[in-house]
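Since the structure comes first, as structure tokens, the remarks are kept for the end.
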There are 2 protein chains.
Amino acid sequence: MKRLNSKSGCAVEVTLSVMGGTWKPIVLFHLLHGTKRFSELARAIPNVTQRMLTLQLRELEEAGIVARTVYAEVPPRVDYALTDMGRSLEPVLTAMRDWGLGYSQTQGEEQERLQVQSVQARCVA
Amino acid sequence: MKRLNSKSGCAVEVTLSVMGGTWKPIVLFHLLHGTKRFSELARAIPNVTQRMLTLQLRELEEAGIVARTVYAEVPPRVDYALTDMGRSLEPVLTAMRDWGLGYSQTQGEEQERLQVQSVQARCVA
DNA sequence: CAGAATCCGAAAAGATACTG
DNA sequence: CAGTATCTTTTCGGATTCTG
């Protein structure tokens with residue numbers, strides 16, 4: 001996801017540069033329901049690799065959307081939570097989910113036939 | 001943008017599979033304000049190449065979001081318009097724009113320093 | 001547990017030139 | 001005007017191995 005200059009005036013692109021990508025919205029959705037550990041997120045999103053999850057979380061952290069808390073314990077433990085800025089994304093995520101539900105109903109069967117082998121993300125969003 | 005199975009239950013991903021990507025939301029935003037010709041879209045989005053614009057429009061057409069009308073004229077003329085399904089994306093796009101505006105205000109200056117060479121899309125969304 | 005590091009192939013995107 | 005075709009570059013993402 002290309003990050004665009006905020007001077008561009010295209011606010012939509014600013015949003016996409018922050019929460020765009022294949023996994024970020026899913027991650028954010030899970031965090032919307034509360035703080036999660038790395039392993040919890042990994043289990044909740046079966047199709048993401050450790051590497052991808054790490055990268056995406058780091059980018060979200062950099063953008064100020066997600067807060068990462070490391071506990072000095074053995075075994076190690078890391079918590080991820082939304083920042084206030086992150087929580088402010090709720091309307092966007094909700095609008096996306098709602099639209100996706102409607103679209104699935106009207107075009108779902110068609111899409112399924114065409115994409116049998118597609119990735120399946122078992123998130124409960 | 002990976003297309004996900006609608007059975008996954010993750011409606012957010014369904015939405016992203018349809019209108020995700022760097023250029024689709026920008027294109028959709030422009031079409032929200034009325035029918036546009038290919039060249040109009042190209043001019044409105046200076047950073048997109050002809051090739052990318054064509055590909056994205058084709059995908060949106062396939063998804064039933066955008067309607068393409070070819071006029072048998074010389075010089076050729078092609079119109080792009082949102083379908084009803086496309087117009088139903090308005091709340092999503094609006095939520096994105098609104099969030100982007102807020103984010104730019106609070107984090108904009110910081111982001112700018114970090115991304116001096118970033119792409120600049122002069123869309124008026 | 002939660003990652004970091006490295007390697008590698010696939011896929012997306014860009015530049016450029018050409019056409020009905 | 002509205003694209004295609006082709007080629008190159010860049011990025012994405014998966015597999016694997018290693019570590020505090």
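Please read all numbers here as calculations on a predicted model, not as lab measurements. Naming convention: chains lettered A, B, ... in sequence-line order (proteins, then strands); numbering from 1 in each chain.
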Where is the tightest heavy-atom contact between A:L16 and B:P25, given as atom of each residue plus distance?
-> CD1-CG, 3.1 Å
Find the bend of the helix from C:dC1-D:dG20 to C:dG20-D:dC1 as the angle between its two terminal axes (five pairs each), to the nearest 10°.
-> 60°
Any side-chain heavy-atom pair from B:M52 and B:T22 closer than 4.5 angstrom?
-> no
Look at A:R37 and C:dA2 and indicate whether a side-chain polar atom (N or O) is within less than 4.0 Å of OP1 or OP2.
-> yes
Phosphate oxygens OP1/OP2 of D:dG3: is one of them under 4.0 Å from a side-chain N or O of B:Y80?
-> yes
Grab the N/O contacts between the protein and nucleotides 15-20 of chain D below 3.5 Å, and write none if there aren't any.
none

Return the value, rounded to whole Å, for the distance between atom CG of A:L55 and atom P of C:dA2.
-> 17 Å
State whether A:T22 places a side-chain N or O below 4.0 Å from either non-bridging phosphate oxygen (OP1 or OP2) of D:dC12.
-> no
Are any non-hydrogen side-chain atoms of A:T15 and B:Y103 less than 4.5 angstrom apart?
-> no
Taking atom CD of B:E61 and atom CZ of B:R68, what is their separation to the nearest 0.5 Å?
-> 5.5 Å
Which residue, A:T35, A:V27, A:L57, forms the side-chain contact (heavy atoms from CB on, under 4.5 Å) with A:Y80?
-> A:L57
Side-chain N or O of A:R58 closer than 4.0 Å to phosphate OP1/OP2 of C:dG3 | yes
Apply the side-chain contact (heavy atoms from CB on, under 4.5 Å) test between A:W23 and each candidate in A:L41, A:L28, A:I45; give the one that qualifies.
-> A:I45
Counting heavy atoms not belonging to B:E90, are there more than 12 under 6.0 Å from its CD?
-> no
Given D:dG3, C:dA2, D:dC1, which nucleotide is nearest the side-chain atoms of B:F38?
-> D:dG3
Should A:M19 and A:M96 count as side-chain neighbours, where that means a heavy-atom distance under 4.5 Å?
-> yes
State whether B:S39 places a side-chain N or O below 4.0 Å from either non-bridging phosphate oxygen (OP1 or OP2) of D:dA2.
-> yes
Would you check if A:T83 and A:V66 make a side-chain contact, meaning some heavy-atom pair closer than 4.5 Å?
-> no
Nucleotide nearest A:M52 (side chain, heavy atoms from C-beta), chosen from D:dG3, D:dA2, D:dG14 = D:dG14
